[in-house]
Amino acid sequence: MSEACGELRYTITAAHTRHWVDAALEREMRRDDALAERLGAVQQRAVTPMLVLLPVCGAGWLLIHRGATPETWITLALAALLLVPAWRFARPFAARLRRAMARQQADGAARGHPLSRALARLTLATRFKRLQGDYRVQFDAQGMQVSRVGQPPAALRWSDVVHVRETDAFLVVACAALNSRGQAYWIPKHSDAMDQEVYRQGMQGLLGHCRAAPATA
């Protein structure tokens with residue numbers, strides 16, 4: 001970094017990570033619910049084809065194990081004649097079976113949802129807790145550097161910035177590598193680690209550089 005640079009110091013607190021956990025948890029639950037719904041729909045659609053495939057597979061087994069004898073062909077012809085009325089009988093049965101499967105999937109989701117939600121929250125809380133701590137951001141005309149006590153600093157050139165977004169409480173900045181993994185630098189807009197006015201001015205300077213980045217300008 002050059003000598004003429006701005007600096008921001010801030011702390012990622014438990015309140016910050018709780019907010020991130022809540023947001024990530026809702027995304028995961030929506031994704032899991034959508035996946036379960038798609039799988040349930042596939043299973044229900046498979047009921048009717050399976051009722052058709054079972055007699056077809058039985059006919060194939062008969063041909064393989066008994067050979068194409070006259071008795072085999074007579075048996076298959078009789079089975080084919082019986083397939084039409086059997087299929088008419090099977091259609092309402094298939095409909096009832098699909099409704100039963102839908103109820104069972106809904107009941108299973110209702111019973112398992114609190115447990116899966118609790119496990120997901122625990123996993124996310126453990127992951128985000130590692131981000132708590134004191135940070136320092138230094139920036140100049142070339143880029144910014146994010147450092148944390150006990151860890152090597154991470155540098156980001158403005159020419160590498162591809163994603164800049166503001167929320168009510170954070171400035172979110174990412175390069176292509178971070179953005180492809182769904183990650184970013186989350187820099188609070190307010191900090192108790194510095195004078196509020198000095199921090200606000202520094203945030204405005206950082207935001208100006210981010211907005212002027214080639215990929216976001």
Side-chain angles (χ1 to χ4, degrees), residues 8-51 93-137 144 146-154 156 160-193 199 203 206-207 210 216:
L8 296 174
R9 297 191 306 276
Y10 58 90
T11 301
I12 297 298
T13 66
H16 291 142
T17 56
R18 277 196 301 270
H19 174 76
W20 295 342
V21 166
D22 291 340
L25 181 62
E26 292 306 315
R27 289 194 300 270
E28 288 202 6
M29 290 296 99
R30 287 195 298 269
R31 186 183 64 235
D32 291 347
D33 289 344
L35 177 60
E37 185 175 349
R38 288 196 297 270
L39 289 176
V42 169
Q43 291 175 343
Q44 293 176 41
R45 286 196 299 268
V47 170
T48 301
M50 285 300 297
L51 292 175
F93 171 75
R96 290 196 298 271
L97 183 58
R98 284 194 295 268
R99 289 194 295 269
M101 291 175 63
R103 288 195 299 269
Q104 185 178 17
Q105 289 162 1
D107 292 342
R111 289 193 300 270
H113 204 274
L115 177 60
S116 62
R117 188 181 184 90
L119 291 175
R121 178 178 289 278
L122 179 60
T123 301
L124 290 169
T126 302
R127 183 194 310 169
F128 283 114
K129 187 176 181 179
R130 295 195 295 266
L131 301 178
Q132 296 177 16
D134 297 327
Y135 291 79
R136 182 175 69 169
V137 173
M144 71 177 192
V146 182
S147 58
R148 183 182 178 188
V149 175
Q151 295 184 2
L156 178 63
D160 295 330
V161 172
V162 299
H163 177 79
V164 175
R165 176 168 59 93
E166 288 186 77
T167 70
D168 292 340
F170 291 93
L171 171 64
V172 185
V173 185
C175 60
L178 288 174
N179 196 49
S180 66
R181 299 194 298 268
Q183 299 176 351
Y185 294 108
W186 288 67
I187 304 171
K189 290 184 176 180
H190 305 281
S191 172
D192 293 332
Y199 191 87
M203 176 59 68
L206 177 62
L207 184 57
C210 292
T216 61

Legend entry - Pair Met203-Ile187, side chain to side chain contact (heavy atoms under 4.5 Å, CB included): steps then yes or no: CA-CA 9 Å; Met203 176 59 68; Ile187 304 171; 3.7 Å; yes
Legend entry - CG/Asp22: more than 12 non-hydrogen atoms of other groups inside 6.0 Å: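 Check passes, neighbour count above 12.
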Legend entry - Where Arg9 and Arg136 come nearest, the two heavy atoms and their spacing: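 Looking at all heavy atoms of both residues, the closest pair is CG-CG, 4.0 Å.
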Legend entry - Least distance between heavy atoms, Cys175 atom then Leu156 atom: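 Looking at all heavy atoms of both residues, the shortest contact is CB-CD1, 3.4 Å.
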May I ask you to test the [X]-[Y] pair for a side-chain heavy-atom distance under 4.5 Å?
X	Y	result
Leu178	Tyr185	yes
Pro188	Leu8	no
Leu131	Trp20	yes

Find the distance between [atom1] ([X]) and [atom2] ([Y]) and round it off to the nearest 0.5 Å.
X	Y	atom1	atom2	result
His19	Thr167	NE2	OG1	6.5 Å
Arg121	Glu28	CZ	CD	11.0 Å
Met144	Asp160	CE	CG	11.0 Å
Gln132	Arg18	CD	CZ	8.5 Å
Arg30	Leu25	CZ	CG	10.0 Å

Legend entry - Side chain Thr11, main chain Thr13, donor-acceptor under 3.5 Å: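 Looks like no, no N/O pair under 3.5 Å.
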Legend entry - Check: Thr17 side chain, Lys129 main-chain N or O, donor-acceptor pair, under 3.5 Å: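 Absent.
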Inset, instruction - Hey, can you tell me if Tyr199 and Tyr10 have their rings parallel, tilted or perpendicular (30° and 60° cut-offs)? - result: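 Ring orientation of Tyr199 relative to Tyr10: perpendicular.
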Inset, instruction - For the pair His16 and Phe170, name the ring-plane relationship: parallel under 30°, tilted 30 to 60°, perpendicular over 60°. - result: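 Plane angle over 60°, so perpendicular.
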Legend entry - Residue of the set Val173, Val172, Leu171 for which side chain to side chain contact (heavy atoms under 4.5 Å, CB included) holds with Arg165: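 One option only clears the test, and that one is Val172.
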